[in-house]
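Accompanying notes for the structure given below.
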Protein chains: 2
Amino acid sequence: MGSKAEAIEQYLLKIIELSDDHIVELRRAELSYQFSCVPSQINYVLNTRFTTAQGYVVESRRGGGGYLRIVKVPIEREDDLIKMLADKSKQDLSEQEAKGLVIRLVEEGFFSKTEGRLMLGVLSGGVLARAKEEKDLLRMDLMRAMVLTKLREK
Amino acid sequence: MGSKAEAIEQYLLKIIELSDDHIVELRRAELSYQFSCVPSQINYVLNTRFTTAQGYVVESRRGGGGYLRIVKVPIEREDDLIKMLADKSKQDLSEQEAKGLVIRLVEEGFFSKTEGRLMLGVLSGGVLARAKEEKDLLRMDLMRAMVLTKLREK
DNA sequence: ATTATAAAGTCAAATAAGGTCAGAGGTGGA
DNA sequence: TCCACCTCTGACCTTATTTGACTTTATAAT
């Protein structure tokens, strides 16, 4: 049984897809009611799955007439990419982050679908098991290497 | 006398066979309960019998809604390059070997040129530096993962 | 202005998975 | 018999999700 968080994610993705300008606006309380969960779980989903790294901007407003707005934004890809890669302080990459990033890079057309699959193949699952504690560091190295390879070819 | 590990293996093989897309998803805790063993024995079975060398990709997720997913990738090829990957005794792959292999796989049209470049980007140079002595083992894991990913999509 | 009401945000604890590793226990062949 | 090589177990670890008490901010009503 998939988690509730995932169901909420899927629902949001779907309605974003359906909206013509890739913007969706909603009430936190209503959504949490629909999915019979506490309101703060909506924040959890937003914080873990609709991050800027994954290409989303979330705005909100409290109080009467409050709302949540999720906007999917395209990136100025190469600049942002280089920035991300150049950010030396970011030395590790979790599996989740990696997946989000790859999905986005494919959506942006930076990588083809098959390339994306290839990347997911090495970045996720038990493939890096041997690397143990260094797994997340290595994953970052691999991601860098692949993005750089691709940049060079363009 | 068949071991419990073998019984679990047989069971998994059977349900993978029965599933129409060769994918099976399950709860570790449930399975271990069915076979009255500790949960970690499931990992033992997966690690010893459902490896990439044997054509399986295993994914998992922890936490609420967690799961194990086993994907079988059919390796029915006369292609001896690919067969080599199925050779369990071959556990490491040097940089030179990797390059040669990728080049041939691209020549044969198994991988596209850009995919090949992506692979070389990951398999060669200092990218795996972090893995130290395990570098060659890890390189083999990566190669297997990529080939399986590609086979999976064909 | 003050107070009431209607949102949404934060954060940490509780819960629900799966992962790792080292050592104990078997088993079969030389 | 003895050794090498499986299997099996349990203690401990890491990660993801769910919940709820408390906080903050906006609007509406007096």
Side-chain angles (χ1 to χ4, degrees), chain A residues 1-12 24-51 54 57-70 92-100 123-137 139, chain B residues 1-12 24-51 54 57-70 88-89 91 134 141:
Chain A
M1 174 190 44
S3 64
K4 212 165 268 193
E6 206 187 316
I8 297 170
E9 178 193 11
Q10 292 307 315
Y11 172 74
L12 291 176
V24 72
E25 202 171 302
L26 47 88
R27 298 274 159 136
R28 187 181 72 156
E30 261 172 40
L31 190 57
S32 76
Y33 177 77
Q34 277 180 241
F35 283 91
S36 33
C37 64
V38 295
S40 59
Q41 183 153 18
I42 305 302
N43 297 81
Y44 172 71
V45 172
L46 259 24
N47 292 329
T48 54
R49 295 154 151 88
F50 293 84
T51 65
Q54 286 164 93
V57 173
V58 176
E59 298 158 73
S60 70
R61 206 178 165 98
R62 313 185 188 197
Y67 59 84
L68 283 176
R69 181 186 301 143
I70 308 172
D92 50 17
L93 193 68
S94 74
E95 190 173 326
Q96 270 210 60
E97 287 177 301
K99 276 187 187 167
L123 296 171
S124 61
V127 187
L128 300 181
R130 236 186 267 277
K132 298 184 189 164
E133 308 112 37
E134 320 235 0
K135 218 185 299 187
D136 287 357
L137 295 169
R139 192 180 290 107
Chain B
M1 172 186 55
S3 63
K4 209 168 272 190
E6 208 184 313
I8 297 170
E9 179 192 11
Q10 291 309 315
Y11 172 74
L12 290 176
V24 72
E25 203 171 301
L26 47 88
R27 300 266 155 147
R28 187 181 73 155
E30 262 173 40
L31 189 58
S32 75
Y33 177 76
Q34 278 179 240
F35 283 90
S36 31
C37 63
V38 294
S40 58
Q41 183 152 16
I42 306 303
N43 297 83
Y44 172 70
V45 172
L46 293 178
N47 291 330
T48 54
R49 296 155 152 85
F50 293 84
T51 64
Q54 291 163 94
V57 177
V58 175
E59 295 160 69
S60 71
R61 201 176 168 96
R62 313 185 188 195
Y67 58 82
L68 284 176
R69 181 185 300 142
I70 308 171
K88 217 172 137 191
S89 65
Q91 294 199 65
E134 315 243 292
D141 290 343

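Residue numbers begin at 1 in each chain, while the letters A, B, ... track the order of the sequences.
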Decide side-chain contact (heavy atoms from CB on, under 4.5 Å) for Asp92(A) and Leu137(A); before the verdict, give the C-alpha distance in whole Å, the side-chain angles of both, and the deciding distance to 0.1 Å.
CA-CA 4 Å; Asp92(A) 50 17; Leu137(A) 295 169; 4.0 Å; yes

Please report the distance, rounded to the nearest Å, between CD in Gln96(A) and P in dT14(D).
18 Å

For the side chain of Leu68(B), starting at C-beta, report the closest nucleotide among dG18(C), dT7(D), dT17(D).
dG18(C)

Between N or O atoms, less than 3.5 Å apart, protein on one side and nucleotides 25-27 of chain D on the other: list the pairs.
residue : atom : partner  : partner atom : Å
dA26(D) : O3'  : Arg61(A) : NH2          : 3.3
dT27(D) : OP1  : Arg61(A) : NH2          : 2.8

May I ask you to evaluate whether Arg130(A) reaches the phosphate of dT20(C), defined as a side-chain N or O under 4.0 Å from OP1 or OP2?
no

Using heavy-atom distances to pick each residue's nearest nucleotide on DNA chain D, tell me which of Thr48(A) and Arg49(B) is more 5'.
Arg49(B)

Begin from the C-alpha positions of Ile42(A) and Cys37(A) and carry the test side-chain contact (heavy atoms from CB on, under 4.5 Å) through to its verdict.
CA-CA 8 Å; Ile42(A) 305 302; Cys37(A) 64; 4.2 Å; yes

Please step through side-chain contact (heavy atoms from CB on, under 4.5 Å) for the pair Leu31(A) and Leu68(A), ending with a clear verdict.
CA-CA 10 Å; Leu31(A) 190 57; Leu68(A) 283 176; 5.9 Å; no

Please report the distance, rounded to the nearest Å, between CG in Leu46(B) and C1' in dG18(C).
11 Å

Return the value, rounded to whole Å, for the distance between atom CG of Leu93(A) and atom C1' of dT15(D).
16 Å

Run the side chain to side chain contact (heavy atoms under 4.5 Å, CB included) test against Glu25(A) and tell me which residues pass, sequence neighbours left out.
Tyr67(A), Arg69(A)

Value in whole Å for how far the P atom of dC5(D) lies from NZ of Lys88(B)
13 Å

Test side chain to side chain donor-acceptor pair (under 3.5 Å) applied to Glu9(A) - qualifying residues, sequence neighbours left out
Arg49(A)

What is the separation between atom CG on Asn47(B) and atom C1' on dG19(C), rounded to the nearest whole Å?
9 Å

Phe50(A): what forms a ring-ring contact (aromatic ring centres under 6.0 Å, His included) with it, not counting sequence neighbours?
Tyr56(A)

Under the side chain to side chain donor-acceptor pair (under 3.5 Å) test, which residues partner Arg27(A), sequence neighbours left out?
none

Arg139(A) CZ to dT15(D) C1', straight-line distance once rounded to whole Å
12 Å

For Thr51(B), check side chain to side chain contact (heavy atoms under 4.5 Å, CB included) against everything at least two apart and list the hits.
Ala53(B), Gln54(B)

Between dT18(D), dG18(C), dT7(D), which one does the side chain of Ser60(B) approach most closely?
dG18(C)

By side chain to side chain contact (heavy atoms under 4.5 Å, CB included), Asn47(B) pairs with (sequence neighbours left out) Asn43(B)

For atom NZ of Lys4(B) and atom P of dT27(C), their distance in whole Å
12 Å

Among residues 24-44 of chain A, which ones have heavy-atom contacts with DNA chain C below 4.0 Å?
Arg27(A), Arg28(A), Ala29(A), Ser40(A), Asn43(A)

Under the side chain to side chain contact (heavy atoms under 4.5 Å, CB included) rule, collect the residues that match up with Arg62(B), sequence neighbours excluded.
none

With sequence neighbours left out, write down each residue that passes salt bridge (charged side-chain N to carboxylate O under 4.0 Å, His left out) with Lys4(B), or none if nothing qualifies.
none

Counterpart residues, ring-ring contact (aromatic ring centres under 6.0 Å, His included), relative to Phe35(A) (two or more places apart)
Tyr11(A)

Separation of atom CZ in Arg69(B) from atom P in dG19(C), rounded to whole Å
13 Å

Inter-end axis angle, the helix from dA1(C)-dT30(D) to dA30(C)-dT1(D), with every axis fitted to five base pairs (rounded, 10 degrees):
0°

